[in-house]
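Below is one structure; the comments refer to it alone.
Just so you know, ligand 1 is whichever comes first in the structure, and atom 1 is the first atom listed for that ligand.
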Amino acid sequence: VAEKIDLVERLLAGDRRALARLISLVENDGQAAVRALSALHPHGGRAHIVGVTGAPGTGKSTVVNELTKLYRAADVRVGIIAVDPTSPFSGGALLGDRIRMRDLAGDPGVFIRSMASRGNLGGLARATSDVIKVLDAAGYPTILVETVGAGQSEVEIARAAHTTLVVEAPGLGDDVQAIKAGVLEIADILVVNKADREGAEHTRRALQMMLDLGNEQHVRHHGKVMSAGPAGRAESAGIQWQPPICATVAIRGEGVPELQAAIAQHYHYLQESGAWSQRERARAAAELDHLLRDRLVNHLFERIGSDAIERAIAQIAARQLDAHTAAAMLLADAGLV
Ligand SMILES: Nc1nc2c(ncn2[C@@H]2O[C@H](COP(=O)(O)OP(=O)(O)OP(=O)(O)O)[C@@H](O)[C@H]2O)c(=O)[nH]1
Ligand SMILES: [Mg+2]
């Protein structure tokens, strides 16, 4: 236990090895992770968490790489988490990421961590959010989270981000699939990467059309939509952020300064509209709700007792009792209703 506390102190003092150790610790879950996260909690809440998501091969890692170079040029430290929900191994694509990001390696102001699925998506989303908490407490002002995958995995992991970039590229034929997967709904900023390729303008126009369509519906249901910009008390006034579309040629760094500016603009929008604190509250509520439910269920199952449950299962299977009656009886016997 003393060693764990020591680790947290070393992390707060800027020790990189303590950071790596703590990240492994929280990834492995368990009681030690709970204690470490609780010691870190008062030190978090400052980082701007930026999710970068999109279909495989659209250029997410290249975008992350170029953004990181710009942050580093301004002396801003960057934490990078590359999440691959489709891979049970940390090989393949993740190794590719590491190679692509090698110009960042060796810079003590950059910390890169790859994470792959170890079974269920829920577990990966939790582990990702815990690793974010460690990097946040370690004082990284910007944390970039790259997620590959389609649909639900993107949405799950985007919940942890303040600002979500959805990266598209021309010629993938996924313009329509993007809406289906609800990916557009999570986008704060749309990136049309590979703008050097044919069809980039078509992709941009298709996205713009979908955004306009979404706005029309929004106006019908909720009133006025204002364009992005130095938003006043936008969110609380029922005014929404309008996702900009940024065209980039990430391999040449083109359009990336504009993208970085859009990210900063979204950050200011979140702060000034009150959306940032609303989100922190919503996240706290969801986390507490989840933990309470987990603990309550375990607690109540213990009160019912596994023996009683086993007996009921046998009776249901033998058609001596139906499941509804059994459930009611178990609760009554345990004094729970
Ligand atoms: N022509 C062109 N190619 C690009 C551009 N950006 C990235 N690429 C190339 O596209 C390929 C995929 O880029 P990545 O950055 O690995 O894409 P990714 O979305 O991270 O890929 P996964 O993590 O595997 O889903 C690489 O060969 C890049 O060099 C661009 O702006 N233009
Ligand atoms: Mg990648």
List every atom of ligand 1 that sits less than 4.0 Å from any heavy atom of [X], numbering the atoms from 1 in the order shown and giving each element.
{"X": "P56", "value": "25 (O)"}
{"X": "D196", "value": "1 (N), 2 (C), 30 (C), 31 (O), 32 (N)"}
{"X": "S61", "value": "15 (O), 18 (P), 20 (O)"}

For atom 23 (O) of ligand 1, the option (of E66, R197, E254, E146) bearing the nearest heavy atom: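 Ranked by closest heavy atom to atom 23 (O) of ligand 1, first place is E146.
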
Just going by heavy-atom distances, which of T53, T62, V64, V167 is nearest to atom 14 (P) of ligand 1?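 Comparing heavy atoms across T53, T62, V64, V167, the nearest one to atom 14 (P) of ligand 1 lies in T62.
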
Pair [X] + [Y]: basic N to acidic O under 4.0 Å:
{"X": "R113", "Y": "E27", "answer": "yes"}
{"X": "E201", "Y": "R205", "answer": "yes"}
{"X": "K133", "Y": "D130", "answer": "yes"}

Under 4.0 Å, heavy-atom basis, I'd like to know which part of N193 is in contact with ligand 1: side chain, backbone, both or neither.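 The answer is the side chain of N193.
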
Check step by step if side chain to side chain donor-acceptor pair (under 3.5 Å) holds for T325 and D322. CA-CA 6 Å; T325 309; D322 72 283; 2.3 Å; yes

Can you find an N or O of [X] that's nearer than 3.5 Å to an N or O of ligand 1?
{"X": "A250", "answer": "yes"}
{"X": "K60", "answer": "yes"}
{"X": "V249", "answer": "no"}

Test item: side-chain donor near acceptor, E146 and S61, under 3.5 Å: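 E146 vs S61: donor-acceptor pair found between side chains.
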
Shortest-distance N, O or S atom of E146 relative to the Mg ion (ligand 2):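 Minimum-distance N/O/S atom of E146 relative to the Mg ion (ligand 2) is OE2.
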
Evaluate the criterion side chain to side chain donor-acceptor pair (under 3.5 Å) for residue pair T163 and H266; output intermediate values, then yes/no. CA-CA 7 Å; T163 302; H266 189 246; 2.7 Å; yes

Is I263 close to L67 at the side-chain level, that is, under 4.5 Å between some pair of heavy atoms?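 Touching, per the 4.5 Å side-chain cut-off.
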
What is the ring orientation for W276 with Y267, classed by angle as parallel under 30°, tilted 30 to 60°, or perpendicular over 60°?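 The rings of W276 and Y267 stand perpendicular, inter-plane angle above 60°.
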
At a threshold of 2.8 Å, where the distance has to be below it, does the Mg ion (ligand 2) have an N, O or S atom of T62 nearby?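 Within the cut-off used here (under 2.8 Å), T62 places no N, O or S atom near the Mg ion (ligand 2).
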
